[in-house]
Protein chains: 2
Amino acid sequence: MEKTDAVAALAALAQDNRLDVFRLLVQAGVEGLTAGAVAEALGLAPNTLTFHFDRLRMAGLATVRREGRSMIYAARFETMNALVGFLTENCCGGASCAPAKPAKPAGTRSKMLA
Amino acid sequence: MEKTDAVAALAALAQDNRLDVFRLLVQAGVEGLTAGAVAEALGLAPNTLTFHFDRLRMAGLATVRREGRSMIYAARFETMNALVGFLTENCCGGASCAPAKPAKPAGTRSKMLA
DNA sequence: CAATCATTTCAATAATCGTTGAAATATGGA
DNA sequence: TCCATATTTCAACGATTATTGAAATGATTG
């Protein structure tokens with residue numbers, strides 16, 4: 001991961017509502033959640049939410065797909081893990097830091113799509 | 001780590017110059033670097049740098065101490081690790097994510113104080 | 001004490017950010 | 001086709017941010 005990408009991902013996560021959104025998506029696993037489900041869960045206006053989804057998507061932290069009239073957003077675990085990797089890789093000059101190899105996407109522990 | 005602290009740490013790292021500063025401190029290990037050394041290494045104005053150091057310090061990511069006429073800044077690995085922990089802890093609903101236990105401060109691989 | 005060095009403080013500025021409200025777009029069903 | 005649902009687009013606003021330049025503070029040396 002490039003520094004630029006790391007800054008983008010950090011910036012995307014460095015906001016209250018967006019961190020909430022991302023964590024919700026993360027917990028939802030690869031199936032994702034509809035925009036409406038997220039809006040309801042967090043009490044955010046749909047247009048505000050679109051703004052935040054865009055930011056997450058630009059940072060490579062989320063994906064969208066359409067399903068019927070709903071847009072379904074899902075976390076991109078790959079980027080999340082690359083970010084953690086980037087932070088720890090540059091940590092402690094590579095020496096005494098425990099590696100911290102992350103993650104595969106959440107299982108099929110679904111969560112409903114609304 | 002609280003969500004608030006996580007957002008603060010993420011925000012502190014989510015800026016080009018600040019991420020550079022932090023990584024430099026991280027590589028310098030527990031001994032840290034003088035403000036001047038960082039300023040020279042990154043080509044930043046000293047007042048700009050003070051601003052960024054403050055942000056890092058407020059986020060718990062750096063400490064200062066005075067030594068002669070120099071101020072010496074050092075990374076707080078504890079917070080860095082807590083942040084990674086927070087991100088991965090909330091990752092994948094706690095299930096299939098590899099734990100990713102980080103880090104102890106860098107050894108005594110010093111780096112000079114300028 | 002005066003001079004110098006290292007860093008911080010302060011005020012100002014342009015740029016970006018998050019939220020809102022109103023209107024537009026796309027999909028599915030009657 | 002007309003209507004309702006789900007979400008996005010657009011313009012606007014106040015708030016925060018990063019950077020700058022100039023001046024102030026604190027520590028050391030002569």
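Quick note on labels: first sequence line is chain A, next is B, and so on, each numbered from 1.
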Measure from [atom1] on [X] to [atom2] on [N] and round the result to the nearest Å.
| X | N | atom1 | atom2 | result |
| --- | --- | --- | --- | --- |
| A:M71 | D:dT7 | CE | P | 9 Å |
| A:L44 | D:dT7 | CG | C1' | 14 Å |
| A:I72 | D:dT7 | CD1 | P | 9 Å |

Close side-chain approach of [X] to [Y], heavy-atom, < 4.5 Å:
| X | Y | value |
| --- | --- | --- |
| B:T79 | B:M1 | yes |
| B:V26 | B:F77 | yes |
| A:N17 | A:L49 | no |

Practice prompt. Not counting sequence neighbours, which residues clear side chain to side chain contact (heavy atoms under 4.5 Å, CB included) with B:D16? List them please.
Written response: A:K3, A:V7
Item to complete: Quick one: list whatever passes side chain to side chain contact (heavy atoms under 4.5 Å, CB included) with B:A45, sequence neighbours left out.
Response: B:N47, B:T48
Discussion item. Counting only heavy atoms and a strict 4.0 angstrom limit, can you tell me which residues of residues 5-21 of chain A come near DNA chain D?
Written reply: none
Worksheet item: Is there a donor-acceptor pair closer than 3.5 Å between any side-chain N or O of B:R65 and the backbone N or O of B:I72?
Response: no
Worksheet item: Distance-only, no hydrogens or angles: does the A:Q15 side chain make a donor-acceptor pair with backbone N or O of A:R18 under 3.5 Å?
Response: yes
N/O donor-acceptor pairs under 3.5 Å from side chains in residues 56-63 of chain B, not counting sequence neighbours:
from	atom 1	to	atom 2	distance (Å)
B:R57	NH2	B:D54	OD1	3.3

Worksheet item: A:T50: what forms a side chain to side chain donor-acceptor pair (under 3.5 Å) with it, not counting sequence neighbours?
Response: none
Practice prompt. For DNA chain C, determine which residues of residues 48-62 of chain A have any heavy atom closer than 4.0 angstrom to one of its atoms, and list them numerically.
Written response: A:T48, A:F51, A:H52, A:R55
Worksheet entry | Interatomic distance, B:R23 atom CZ to A:L87 atom CG [nearest 0.5 angstrom] | 9.0 Å
Worksheet entry | A:L33 CG to A:S70 OG distance, which is reported to the nearest 0.5 Å | 11.0 Å
Discussion item. Taking any atom closer than 4.0 angstrom to a non-hydrogen atom of chain B, what span of DNA chain C does the protein reach, first nucleotide to last?
Written reply: C:dT4 to C:dT9
Worksheet item: ring pair (Phe, Tyr, Trp, His ring centres under 6.0 Å): which pairs involve residues 11-54 of chain A, sequence neighbours left out?
Response: A:F53-A:Y73
Response to the item:
Protein-proximity profile, nucleotides 24-30 of chain D, B/S/- by nucleotide at the 4.0 Å heavy-atom cutoff, equals ---SSS-
Worksheet, complete the sentence: residues 74-87 of chain B vs salt bridge (Lys or Arg N to Asp or Glu O under 4.0 Å), sequence neighbours excluded, gives B:R76-B:E78
